[in-house]
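Below is one structure, written out as structure tokens; the observations come after it.
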Amino acid sequence: MARSGEMALGLYVLQAGYIEGAWRDPSVPKTGGVDVEHYAHLAALAEGAAFHFVFLADSPSVVERDNANIARAGRNDTFEPITLLSALSSKTKNIGFVATATTTYHQPYHLARMIASLDHLSHGRSAWNIVTSGNKFEGANFGDEEIPEHDARYERAREFVGVMTGLWDTWEEDAFIRDKQSGIYADTTKLHFLNHRGTYFSVRGPLNIARPPQGYPVLVQAGSSEAGVKFAAEFAEVVFTAQPLLESGKQYYADLKEKARGLGREDDQILVMPGIVPIVGRTKQEASDKLKKLQSYTHTDVMTETADRWLGFVTDLRAINLDSLVPATLPETNFIQSRQKVLLELAARQGMTWRQLIRLISDSRGHLMAVGTPSEIADIMINAFDQYAADGFNLIPAIVPSGLKDFVELVVPELRRRGKFRSESSGRTLRENLGLKRPHNQFTRAA
Ligand SMILES: Cc1cc2nc3c(=O)[nH]c(=O)nc-3n(C[C@H](O)[C@H](O)[C@H](O)COP(=O)(O)O)c2cc1C
């Protein structure tokens, strides 16, 4: 199938926005982190602009390394993604929901039920962002101090996904006949026991909920190392990635699509949606003034600690001469390997000092950042789309709700004017809106 001429758009939501100190801005609701109406307002803004989905990242731990940074973080009082998105599903009609959940610290049976429940609650608008955990503090919450080795996490994830889709298939579409007359509720000829026995899991099944409306919720993946790309080529239908440079973004896109093709998959069944952090002004000056104001909110200690985290916990920037140049390489990390690579590539290209790199990480974590007028931001997005570096974008507002409002009111009309973004939702389910096929049931497919 040919690629449609229009890009897909997701909304990556953090309670206050992506710039760490954004929560201090007077426009950000103080209790937004635990106020479903705050998130409902953001989802309504995105749905009204015909975005394809709301995306919630996740880490089952406080991510800061010490009290000083926990004190300033402005984020550790918020909802678990599946819970929040389930609540939002009854407050919206068309927009999809991408819930991040790690395969490293979950059990497939629990997670298959929860994500299937979200798909039923939302009438087929759910997706699962498959991550393997990227934060070293998570292990302490699940019995082991050390997070498992990077590639081994992907091995576990491969088996995990197989069990999830197997469980979602244990009841065929029309298995539940609910015949009051005869008293037969389920046709057990359409019931399949999974009986999975693997390295990491043994799961009998069946699941105790009907097959999800979409067959499977959309499978999303965020991980761009070699192991991550291999995993994405096999399973992902949407890939979230950090690609701040056009050329490496095109290379990443081409590699991933080629790997997926090699596994018999069609190009339009795996959508690459890099993150973008836009700061919109009516003039370039206005946009950069907005950025400067937001940057002024973030404490240096918080910035330094965030940089240590996103460089993979292999540095301690509190003890470094910040005006010295960033080295070309760092020790390999066991956390998000791809991001360390992206950040070092950016630093090398621009001859950055540590101080400059810390600032960049605090603003964008290495995602593409676009600061300018609506037309300039639309140019950047359309250029990446037309040059096959992206099939769409996961929009990461620097501050919410104002940063999202700016984008919806100023950039979306520009994208539409140029014929690159839709005016309304095109289908009932998230799969239909993304042009993704509905998966067959593996038990009946075999028959
Ligand atoms: C764009 C992007 C976003 C990610 N978001 C999360 C997240 O929300 N939660 C999480 O546990 N891991 C997240 N990760 C980490 C990876 O999903 C994965 O868990 C693992 O750490 C390895 O990533 P890598 O293949 O990029 O090295 C993210 C990775 C990328 C590339």
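Atoms within a ligand are numbered from 1 in the order they appear, just like the ligands themselves.
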Centroid-centroid under 6.0 Å between H367 and F393 rings | no
Would you call D386 and R418 a salt bridge, taking side-chain N to carboxylate O under 4.0 Å as the test?
-> no
Any side-chain donor paired with an acceptor under 3.5 Å for S61 and N141?
-> no
Under 3.5 Å, N/O to N/O: give me all the pairs between ligand 1 and the protein, one per line with atom names and distance.
{"unit_1": "ligand 1", "atom_1": "8 (O)", "unit_2": "D58", "atom_2": "N", "d": "3.1"}
{"unit_1": "ligand 1", "atom_1": "8 (O)", "unit_2": "D58", "atom_2": "O", "d": "3.4"}
{"unit_1": "ligand 1", "atom_1": "9 (N)", "unit_2": "D58", "atom_2": "O", "d": "2.6"}
{"unit_1": "ligand 1", "atom_1": "11 (O)", "unit_2": "G134", "atom_2": "N", "d": "3.4"}
{"unit_1": "ligand 1", "atom_1": "17 (O)", "unit_2": "A222", "atom_2": "O", "d": "2.1"}
{"unit_1": "ligand 1", "atom_1": "19 (O)", "unit_2": "T132", "atom_2": "N", "d": "2.8"}
{"unit_1": "ligand 1", "atom_1": "19 (O)", "unit_2": "T132", "atom_2": "OG1", "d": "3.1"}
{"unit_1": "ligand 1", "atom_1": "19 (O)", "unit_2": "S133", "atom_2": "N", "d": "3.0"}
{"unit_1": "ligand 1", "atom_1": "19 (O)", "unit_2": "S133", "atom_2": "O", "d": "3.4"}
{"unit_1": "ligand 1", "atom_1": "21 (O)", "unit_2": "S133", "atom_2": "O", "d": "3.0"}
{"unit_1": "ligand 1", "atom_1": "21 (O)", "unit_2": "R153", "atom_2": "NH2", "d": "3.3"}
{"unit_1": "ligand 1", "atom_1": "25 (O)", "unit_2": "Y154", "atom_2": "OH", "d": "2.6"}
{"unit_1": "ligand 1", "atom_1": "25 (O)", "unit_2": "S224", "atom_2": "N", "d": "3.3"}
{"unit_1": "ligand 1", "atom_1": "25 (O)", "unit_2": "S225", "atom_2": "N", "d": "3.1"}
{"unit_1": "ligand 1", "atom_1": "25 (O)", "unit_2": "S225", "atom_2": "OG", "d": "2.7"}
{"unit_1": "ligand 1", "atom_1": "26 (O)", "unit_2": "S224", "atom_2": "N", "d": "2.8"}
{"unit_1": "ligand 1", "atom_1": "26 (O)", "unit_2": "S338", "atom_2": "OG", "d": "2.4"}
{"unit_1": "ligand 1", "atom_1": "27 (O)", "unit_2": "H150", "atom_2": "NE2", "d": "2.8"}
{"unit_1": "ligand 1", "atom_1": "27 (O)", "unit_2": "Q337", "atom_2": "N", "d": "2.8"}
{"unit_1": "ligand 1", "atom_1": "27 (O)", "unit_2": "S338", "atom_2": "N", "d": "3.4"}

E64 bridged to R72 by N-O distance under 4.0 Å | no
Do we see a donor-acceptor contact under 3.5 Å between the side chains of T92 and R125?
-> yes
Would a line drawn from the ring center of Y18 to the ring center of Y12 be shorter than 6.0 Å?
-> yes
